[in-house]
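Read the structure below first, then the notes.
So that the names make sense, note that chain A is the first sequence line, chain B the second, and so on, each numbered from 1. FYI, side chains are in, hydrogens and waters are out, and symmetry mates aren't considered; it's all heavy atoms of this structure.
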Number of protein chains: 2
Amino acid sequence: MTSDSAAPSKAPAIARAAAILRLLGRSEAPLGVNAIARELDLVPSTCLYLLRALAEEELVGFDPATKRYTLAAGVLTLARGWLKRDRFADLAQPLLDRVATEHGLTMLGVQVVGLQHMIVVAKALGTGNFQLNAEVGSRFPALISATGRCVAAFGGHDPEVLRRRFSGLRWEAPPTFDHWRDEVARTRQTGYAVDEGNYIAGVTVVAAPVFRSPGQLSHALAAVGLGSAVRRGGLEQLAGAVAGAARSLSERLSGA
Amino acid sequence: MTSDSAAPSKAPAIARAAAILRLLGRSEAPLGVNAIARELDLVPSTCLYLLRALAEEELVGFDPATKRYTLAAGVLTLARGWLKRDRFADLAQPLLDRVATEHGLTMLGVQVVGLQHMIVVAKALGTGNFQLNAEVGSRFPALISATGRCVAAFGGHDPEVLRRRFSGLRWEAPPTFDHWRDEVARTRQTGYAVDEGNYIAGVTVVAAPVFRSPGQLSHALAAVGLGSAVRRGGLEQLAGAVAGAARSLSERLSGA
DNA sequence: CCTTGACGTTGTACATATAGAATATTATTC
DNA sequence: GAATAATATTCTATATGTACAACGTCAAGG
């Protein structure tokens, strides 16, 4: 479904519009039609029509004076709609806070969306002098780092698809596929995953899966910290805390 | 809902997709293809293709078991991109907080997007026992209430267009167009607008315009409270505070 | 267990959104 | 201030996304 396969979308305007919105979201400054079209390999006229339609929907803003486009507040309305119904963030926050303070590390709650990305939906910063940070809304490749090993272990995906996607990942210190597969297998047994500097050098990530219903992976919890700090605090202990919190969350999510 | 303008969009898929996203955002429960299509007057097949495209972009989630669709966390990514670059909310928050506590009312910062809607982008709750509330991300018709009078007064819109749009508004106690036009004219002179129970019975709203550059209306500040409470605190004083905060914001926005 | 109804999904003809070139508009340089 | 370059926008033919109907599938009710 979310494959990289050839299946051509029956509504390509959507993909283009989403690309425009993301580009505007990541851009520091307002952009003109041609700049957007060039960046996204779109035809300027098509790009213009899409921008006008998006502006009509109040998802992008248009400054007639400078003829530049930006994101508009309409995206806030959508985000609010999502937040209103999301129970995960509410349930996860106290658990994230507790683990973050007890272990002095930054904790993230991420949502898994298909095999493409995971998105940070909740966070709790640690207490140390120096803390890693990631904004709510940030996207990461679904199979990267420790959370990615959880997705691979519990997502119920075709091993062949995993192999293909694995080859497209960008790590700072890439593991070999065989080594990664072994770690994924271990994750399936222990219920948590560890990434020691593979994704980002010097950064250790410990993650555990959260299921919205038995067998249905939907989120993951992740502790991120500098490798030295994690080792000092005891990696095993941390892994136990993260996995415990994730289990507790899974129960509450599938429960009521 | 979109526009009365005759020009047919060159990318109607966008409008439909946006409508789907908003519908899902406002829906309490996940929805199926047909339910969405029926609600939005779409052909089911088209609706299906749009949903698939949106799912591919991680803007909607799909539960293969129930075949139901929901908003997905991708909308958070867009909202984050918007928040990152928005200076208004950061600059407005302390001013909103101050006026809210000094006058014991709820203060809203809204962004004006064309003539269609304004969107709440910042808020500060008052201190009283009972407070009115509006969520960040909520949308209101652009010309409604006191903020609407500001838009009409300072938006630089064609009077004829204003008249047409005015007739489409829904007030609890609608003013006549002539009366409304007079109030708008007064707003243009005084720099603030008041709505005493027109939009919502018993609720008084005082608003003042914020300009991103001289003459370019972009936002508005609004104080909302129960009519009795506002009168007790002194409407003139409140209006002065709101207008003062708005002026100060305009200077800082156009300044740096 | 069979029937019924509603839903999700897939093929196909047609209307139309898109690509590309041409034109208008703005910014920049001399 | 004129000339130039880059940009935004309009125009038009055609590839293509959309609407409609037919199909397959599932759940409820008899």
Side-chain angles (χ1 to χ4, degrees), chain A residues 1-3 5-21 23-24 27-57 59-72 114 213 216, chain B residues 2-3 5-21 23-24 27-57 59-72 114 213 215-216:
Chain A
M1 62 167 156
T2 64
S3 73
S5 71
S9 166
K10 292 286 226 167
I14 305 310
R16 290 193 258 251
I20 289 176
L21 292 175
L23 175 62
L24 290 175
S27 163
E28 293 299 326
L31 298 174
V33 177
N34 275 294
I36 297 171
R38 225 178 301 117
E39 180 73 21
L40 300 175
D41 277 318
L42 296 177
V43 173
S45 61
T46 299
C47 190
L48 176 67
Y49 297 140
L50 290 172
L51 283 167
R52 287 220 259 246
L54 289 168
E56 186 76 13
E57 299 304 321
L59 295 174
V60 319
F62 173 59
D63 184 342
T66 64
K67 313 245 179 180
R68 293 281 128 93
Y69 297 84
T70 55
L71 270 195
S213 60
Q216 279 287 341
Chain B
T2 44
S3 140
S5 67
S9 167
K10 292 286 228 168
I14 304 311
R16 290 193 257 253
I20 290 177
L21 292 175
L23 175 63
L24 291 175
S27 163
E28 293 299 326
L31 298 174
V33 177
N34 275 293
I36 297 171
R38 224 178 303 114
E39 180 73 23
L40 300 175
D41 277 317
L42 296 178
V43 172
S45 61
T46 299
C47 189
L48 176 67
Y49 297 140
L50 290 172
L51 283 167
R52 287 221 261 247
L54 289 168
E56 186 76 14
E57 299 303 322
L59 296 175
V60 318
F62 174 59
D63 184 342
T66 65
K67 312 246 180 179
R68 293 280 130 93
Y69 297 83
T70 55
L71 270 195
S213 61
Q216 280 286 340

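Within the model, atoms CG of N34(B) and NZ of K67(B) stand 12.5 Å from one another, a figure rounded to the nearest 0.5 Å. To the nearest 0.5 Å, the span separating CZ on R68(B) from CD1 on I36(B) amounts to 9.0 Å. Residue L42(A) holds its CG atom at 9.0 Å from CG of L51(A), rounded to the nearest 0.5 Å. Separating the CG atom in L21(A) from the CD atom in E57(A) is a distance of 11.0 Å, to the nearest 0.5 Å.
Partner of L59(B) under the side-chain contact (heavy atoms from CB on, under 4.5 Å) criterion, out of L24(B), L71(B), L54(B): L54(B) alone. No option in L31(B), D63(B), V33(B) other than V33(B) meets the side-chain contact (heavy atoms from CB on, under 4.5 Å) test with Y69(B).
Taking atom CZ on R38(B) and atom P on dG8(C), their separation rounds to 8 Å, with Å as the unit. Between the P atom of dT7(D) and the OH atom of Y69(A) lies a distance of 14 Å, rounded to the nearest Å. Summarising the geometry, the separation between CG on L31(B) and C1' on dG8(C) is reported as 15 Å, rounded to the nearest angstrom. To the nearest angstrom, P of dA19(C) lies 11 Å from CG of D41(A). The distance between atom CG of N34(B) and atom P of dC26(D), rounded to the nearest whole Å, is 16 Å. In this entry the distance linking CD1 of I36(B) with P of dG8(C) reads 8 Å, nearest Å. Here the P atom of nucleotide dT18(C) and the CG atom of L48(A) are 12 Å apart, to the nearest Å.
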Verify side chain to side chain contact (heavy atoms under 4.5 Å, CB included) between L40(A) and R16(A), making sure each step is shown before the conclusion.
CA-CA 8 Å; L40(A) 300 175; R16(A) 290 193 258 251; over 6 Å; no
Go through the steps to decide whether I20(B) and C47(B) satisfy the test side chain to side chain contact (heavy atoms under 4.5 Å, CB included), and finish with yes or no.
CA-CA 9 Å; I20(B) 290 177; C47(B) 189; 4.2 Å; yes
Steps toward side chain to side chain contact (heavy atoms under 4.5 Å, CB included) verdict (F62(B), R52(B))
CA-CA 9 Å; F62(B) 174 59; R52(B) 287 221 261 247; over 6 Å; no
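Computed from C1' positions of five pairs at each end, the angle between the two local axes of the helix from dC1(C)-dG30(D) to dC30(C)-dG1(D) equals 40°, rounded to 10 degrees.
Between K67(B) and dT9(C) there is a side-chain N or O to OP1 or OP2 distance below 4.0 Å. Distances shorter than 4.0 Å separate some side-chain N or O of R52(A) from OP1 or OP2 on dT10(D).
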Check the interface with nucleotides 13-18 of chain D: list each N/O to N/O pair with the protein under 3.5 Å, or write none.
residue	atom	partner	partner atom	Å
dT18(D)	OP2	K10(A)	O	2.8

